[in-house]
Amino acid sequence: MVEGALVAVIGHLWAIPARLPGRRGGAVGGYLLQQFWVMPAVTTASFLSWPAGAILPGGLAPVPITVGFETAAVARLPRERALASAGMIALFGCILLALAWVARERSALAWVAALFAPVAREWISLWSFRREWSGSPRFAQGPGGIRVLAVVPGSPAAALGLRPGDTVTEVNGREVHSLTSLYEAIRLQPAFVRMEVRDPAGDVRICSRSRYEGEPHLLGVVASPGEEEVEAQVLTVLGRTFSILSGFLRGRSTRKEPVRGEG
């Protein structure tokens, strides 16, 4: 239950934007949520030798344990994903606590709690994974514009007010469909940027600001992978396969044949 509370409060912090494999081959944008905590726990003092001052009432002794939390947010924002995971972890903790109480009262049923803990935890992980990947990708690149996966804090993109999930449709009066076309449009007016942005709800807003000398050349936008990136990956794989095959054939054709009469 304590782990569930931690996941709900800080589980979405420090989420890592990533390009993840999609269900139909290609790539989709998402976030990796990874956390690691050291938490206090108690155990019976009979297992180890404990200093007398460390023994708690009831013959219990404090011990530190490590808890890890790792998942991916594809169909939901990191905070939504963390809250859903926190609910499942809290439910798991309540059931396990109830089974532990039953096992204390009736030791013959202790195997139920011992079996439930690993099996239920693994089932939660698999069920949560399947549910997340069965939904529509939140950061899939659409046909019109550039879907923003993440914004670098303190960057010009952050100053413009761009947020994850936004779609940049126009820059300086030109439609954009990739980061290449975005920077080409910015070069039309190097001292000023005007963007037309559509949020996940479909509302359109204008983001504009002046650009100053000495600012970073890059805006600080991490875009969701698009069709052109997937095509480039496919072409790279095909190119490598062709190179290996052609090298193999050239090796066979240039192999020295034995001359008749030689032993």
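- Counting heavy atoms from C-beta on, the side chains of Arg209 and Pro156 come closer than 4.5 Å.
- A side-chain donor-acceptor contact under 3.5 Å links Glu80 to the backbone of Leu77.
- The distance from the NE2 atom of His177 to the OG1 atom of Thr169 is 9.5 Å, given to the nearest 0.5 Å.
- Side chain of Ser224 to main chain of Phe139: a donor-acceptor pair is present (N/O by atom type, distance under 3.5 Å, no hydrogens or angles).
- Criterion: ILVMFWY side-chain heavy atoms under 4.5 Å apart, direct or through other members. Under it, Val176 and Ile206 are not part of a common hydrophobic cluster.
- In terms of hydrophobic clustering, with Ile, Leu, Val, Met, Phe, Trp and Tyr side chains grouped at heavy-atom distances under 4.5 Å, Phe129 and Val74 are assigned to a common cluster.
- Few gaps surround CD on Gln189; more than 12 heavy atoms of other groups in view lie less than 6.0 Å from it.
- A distance-only check finds a donor-acceptor pair linking the side chain of Ser155 to the backbone of Leu219 [under 3.5 Å].
- Glu196 CD to Asn172 CG: the interatomic distance, rounded to the nearest 0.5 Å, is 12.0 Å.
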Exercise. Could you walk me through whether Val171 and Arg194 pass the side chain to side chain contact (heavy atoms under 4.5 Å, CB included) test, one step at a time?
Key: CA-CA 6 Å; Val171 176; Arg194 182 182 184 276; over 6 Å; no
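- Nearest heavy-atom pair across Pro164 and Ala150 is CG-CA, 4.3 Å.
- Here the CZ atom belonging to Phe116 is positioned 9.5 Å from the CH2 atom belonging to Trp123, to the nearest 0.5 angstrom.
- The minimum heavy-atom distance between Leu162 and Cys207, with the atom names listed, is CD2-SG, 4.5 Å.
- Linking ILVMFWY side-chain heavy atoms closer than 4.5 Å, directly or via other members, places Leu96 and Val119 in a single hydrophobic cluster.
- Without hydrogens or angle criteria, Arg211 side chain to Ile186 main chain gives no donor-acceptor distance under 3.5 Å.
- The minimum heavy-atom distance linking Ile124 with Met88 is given by the pair CD1-O, 3.9 Å.
- Here the side chain of Asp166 pairs no donor or acceptor atom with the backbone of Val197 at under 3.5 angstrom.
- With values rounded to the nearest 0.5 angstrom, Ile16 atom CD1 is found 8.5 Å from Leu33 atom CG.
- Distance alone, capped at 3.5 Å, is enough to place a donor-acceptor pair between the Glu132 side chain and the Ala75 backbone.
- In this structure, the side chain of Ser181 engages the main chain of Ser178 through a donor-acceptor pair within 3.5 Å.
- Note on Val9: it does not cluster hydrophobically with Phe92, by side-chain heavy-atom contacts below 4.5 Å among ILVMFWY residues.
- Remark: Arg205 CZ is packed, more than 12 non-hydrogen atoms of other residues, nucleotides or ligands lying under 6.0 Å away.
- The shortest heavy-atom contact between Met195 and Leu182 is CE-CD1, 4.5 Å.
- With contacts defined as side-chain heavy-atom distances shorter than 4.5 Å, the pair Tyr31/Leu20 does not qualify.
- Between the SG atom of Cys94 and the CD1 atom of Ile89 there is a distance of 12.0 Å, given to the nearest 0.5 Å.
- Val152 approaches Ala158 most closely through the heavy-atom pair O-CB, 3.8 Å.
- No single ILVMFWY cluster, assembled from side-chain heavy atoms under 4.5 Å apart, contains both Leu126 and Trp133.
- Rounded to the nearest 0.5 angstrom, Ser85 OG and His12 NE2 are separated by 13.0 Å.
- A salt bridge between Arg198 and Glu170 is absent, with no side-chain N of the basic residue lying under 4.0 Å from a carboxylate O of the acidic one.
- Counted by atom type alone, Arg121 and Ser125 present zero donor-acceptor pairs between their side chains at under 3.5 Å.
- In this structure a side-chain-to-backbone donor-acceptor pair under 3.5 Å is present from Arg81 to Ala72.
- Scanning all heavy atoms of the two residues, the minimum distance from Ala82 to Val7 falls at O-CG1, 3.4 Å.
- Proximity of Tyr183 to Arg187: side-chain heavy atoms (C-beta onward) are separated by under 4.5 Å at one or more points.
- Counting heavy atoms from C-beta outward, Val151 and Val222 have side chains that stay 4.5 Å or more apart.
- No side-chain heavy atom of Thr167 sits under 4.5 Å from any side-chain heavy atom of Ile146.
- Between the side chain of Gln35 and the main chain of Leu13, a donor-acceptor pair closer than 3.5 Å is present.
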Quiz item: Can Val193 and Leu160 be said to form a side chain to side chain contact (heavy atoms under 4.5 Å, CB included), step by step?
Solution: CA-CA 9 Å; Val193 178; Leu160 279 165; 4.3 Å; yes
